[in-house]
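Below: the structure, in structure tokens.
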Amino acid sequence: MNATSVRPADTPAGRKAFGPWRSRANISAWTLSAPAVFFIAVLFVYPLLDVVVISFTDPTLSLVNYREFFSSPLYARVLGNTFWFAFLVTAICLALGYPLAYVIVRYGGTLGFALLLVVAMSFWTSFLVRTYSWLVILGSKGPVTKLLAWVGFDPVPQILFNSFATTLGMVHILIPYMIMSIYASMQKIDPNHLRAAASLGATPFQGFRTVFLPLSLPGVVNGCTLVFIICLGFYVTPVLLGGPRDQMIAGLIGEQIEELLEWGFASAMAVVLLATTMALLAIYNRLVGLDKLWG
Amino acid sequence: MNDAYLCLKDVVKSYDGHVNAVDGISIDVRKGEFLTLLGPSGSGKTTTLLMIAGFEDLTDGALELDGRSLANVRPYRRNIGMVFQNYALFPHMTTETNVAFPLKMRKFPRDQVRPRVEKALELVGLAEFAVKYPRELSGGQQQRVALARALVFEPDVLLLDEPLGALDKNLREQMQVEIKRIHGEVGITTIYVTHDQTEAMTMSDRIAVFNDGKIEQVAPPLEMYHRPATWFVGNFIGDSNFFEAAVVDRSAGTLAVGSLGEITAARPDGGIAGGRVHALVRPEDIRLIHEGERTEGLNTFDMSVEGSVHYGDSVLVIGRVGSLSLRVRVPGAQAAAVVRDGQLRVGWRPEDVHVIPRD
Ligand SMILES: Nc1ncnc2c1ncn2[C@@H]1O[C@H](COP(=O)(O)OP(=O)(O)OP(=O)(O)O)[C@@H](O)[C@H]1O
Ligand SMILES: [Mg+2]
């Protein structure tokens, strides 16, 4: 054995000898991930690309679908409506979910466990079932209507098929996501931080505002983004519980396809929705930097 | 004691109502004193600190600071600084904001906050790290920030719960010196928790040894070392030879010790004649007897050597006299020169025998 072969990586020849081994490792990595890549390509990327293609080509190769979408005030209203609902539902989920998560984390015990169980249970129940249950509860023969009649409302106000019912249903379905995100980040807060705050002179409220709240913000950002983005594409609940004026963009897409067979226009709307969602995800990605900053 | 500043009076704490985590302890801490709570894991040191800080209620007993009861004073009104074992620095605040935190909570005038923060950071030698976040600092630096934060509002008492536990040995020794220096400079009454006896010995004005929720002894380090009040303290602090002994003649200081026969102790004050006592001899107080050396007045024995541990600066020789095992610590490589046929002649002075009552 001569001197150059002792340290092959130091010499140009040695590096070359090193090369094939590296690319062999790459090949095996590719082989291993090939099934996953294949499935993702076939199940996600291809259909998505197809939607994009259809949006530009059906009925003819043109921007006609997009022009139609952006020129009609009706569609702009639906898009605006979608964002408004997403915002409203997210805000309500946050307003209700934050205190709940706080109670679960801070007071723990039986109450905390019971609350956590209820939240987890709604995760395990199909959202279709939960949506239909609101149809029963708020319906004209349901308990709420009966209660209102008994209290003396005549005629009993319409509580189903309007924005109220839609908001209620969506909050109900999405709040577990909010609670779980916030709960996860609150859980990570070291109780000694709160003790430290107190020993440094912070009243319980000051401690909450200056230490607990900022440290739980990553969960808040996480939960809001999650709920907001799911809201944007929500279909079943607004369709079942809302009125004609509460239509959201996903509902509109469904209608275009099922009733009007307007594949091109529906695809264009789907692409607009997708692009908006991606933009939001990009913003979220920037915000999640906070999480790493404080970790 | 008149000069008591912080008083713990028969303090009891039970978390579950059955077992007492802290079982009736009383300590008077003097103003400006550096008191260390030393004891094995689970002996109630942290619990005691938490009660002083106000995070745990007392099951029984009383706490007084400067003559006033702390019973109904909320933690944030106590003016007691605390350094936690994991430092508990606020991760979303810089060094500067962390240290300014207690001043802001106390609504200090704005123009006073900056100079005070700067002074505190200078005190711990971290002035140039003011705008770093905790995660950008090393363990030792985080420790200093925690210290600065706990001192900046000039609390009446400073509590430290195993503040150096997470640091490696060198850094720990460095921080011990640092903390002592700061204590000297600020002169704040300090209660320091550790289960490291060396730390306790080197840093404290007085040590309180905890065992199973009770205090075994409160004394200055050297007194604690040379005159332990109980078997537990003698055993816990430093290396020791403990013999079970019976007092034969109290005035002559004669004790009967198993296979050692009779030995003399200078001050057998721990026991009455016929009483059962522990006799403690520190390994470093035992010396080698060279051939032909005069030994009157010494307790001397022939020890059969079973092994030795070399520490570089000293050698620990382990062996027996009859059925009793004996640990002898001698400087340098002396021991090797003296061992003959696995035998070593050793001896100690009566003054080096410390007698503790046996219950
Ligand atoms: N929050 C708690 N609830 C119930 N028991 C507790 C609690 N905190 C401590 N204990 C118990 O009280 C006893 C004393 O605990 P403490 O934490 O005061 O010990 P320590 O001396 O600080 O020990 P260490 O050196 O391990 O920190 C232990 O038996 C412990 O299990
Ligand atoms: Mg402890």
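On a predicted model such as this, the values are computed, not experimentally measured, just so you know.
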Heavy-atom donor-acceptor pair, B:H183 side chain to B:G32 backbone, under 3.5 Å |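 Such a contact is found between B:H183 side chain and B:G32 backbone.
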Residue-level interface, residues 45-60 of chain B with chain A, non-hydrogen cut-off under 4.5 Å |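 Counting heavy atoms that sit under 4.5 Å from chain A, the residues of residues 45-60 of chain B involved are B:L50, B:F55, B:E56.
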Check whether NZ of the Lys or CZ of the Arg A:R106 lies under 6.0 Å from the centre of the six-membered ring of A:F208 and within 45 degrees of that ring's axis.
->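 Not satisfied by the 6.0 Å and 45° rule.
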Just checking, B:R116 and B:F108: is the charged tip under 6.0 Å from the six-membered ring centre and within 45° of the axis?
->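 That pair does not qualify as a cation-pi contact.
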A:F228: what forms a ring-ring contact (aromatic ring centres under 6.0 Å, His included) with it, not counting sequence neighbours?
->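 If we apply the ring-ring contact (aromatic ring centres under 6.0 Å, His included) test to A:F228, skipping adjacent residues, there are no hits.
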Scan residues 80-91 of chain A for pairs that pass side-chain hydrogen bond (donor to acceptor under 3.5 Å, both in side chains), counting only residues two or more places apart or in two chains.
->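 Of all non-adjacent pairs touching residues 80-91 of chain A, none passes side-chain hydrogen bond (donor to acceptor under 3.5 Å, both in side chains).
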Give the C-alpha distance, both sets of side-chain angles, the deciding distance and a yes or no for side-chain hydrogen bond (donor to acceptor under 3.5 Å, both in side chains) between A:S163 and A:T166.
-> CA-CA 5 Å; A:S163 359; A:T166 312; over 6 Å; no
For [X], which atoms come within 4.5 Å of any heavy atom of chain A: side chain, backbone, both, or neither?
| X | value |
| --- | --- |
| B:N79 | neither |
| B:R74 | neither |
| B:R106 | side chain |

Residues 172-182 of chain A, side-chain donor-acceptor partners within the protein, below 3.5 Å, at least two apart:
| unit_1 | atom_1 | unit_2 | atom_2 | d |
| --- | --- | --- | --- | --- |
| A:H172 | ND1 | A:W134 | NE1 | 2.8 |
| A:S181 | OG | A:Y177 | O | 2.8 |

Please flag which part of A:N192 lies under 4.5 Å from any non-hydrogen atom of chain B: side chain, backbone, both or neither.
->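 For A:N192, backbone and side chain are both near chain B.
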Any salt bridge between B:E122 and B:K119, counting N to O under 4.0 Å?
->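 Result for this pair is no, no salt bridge flagged.
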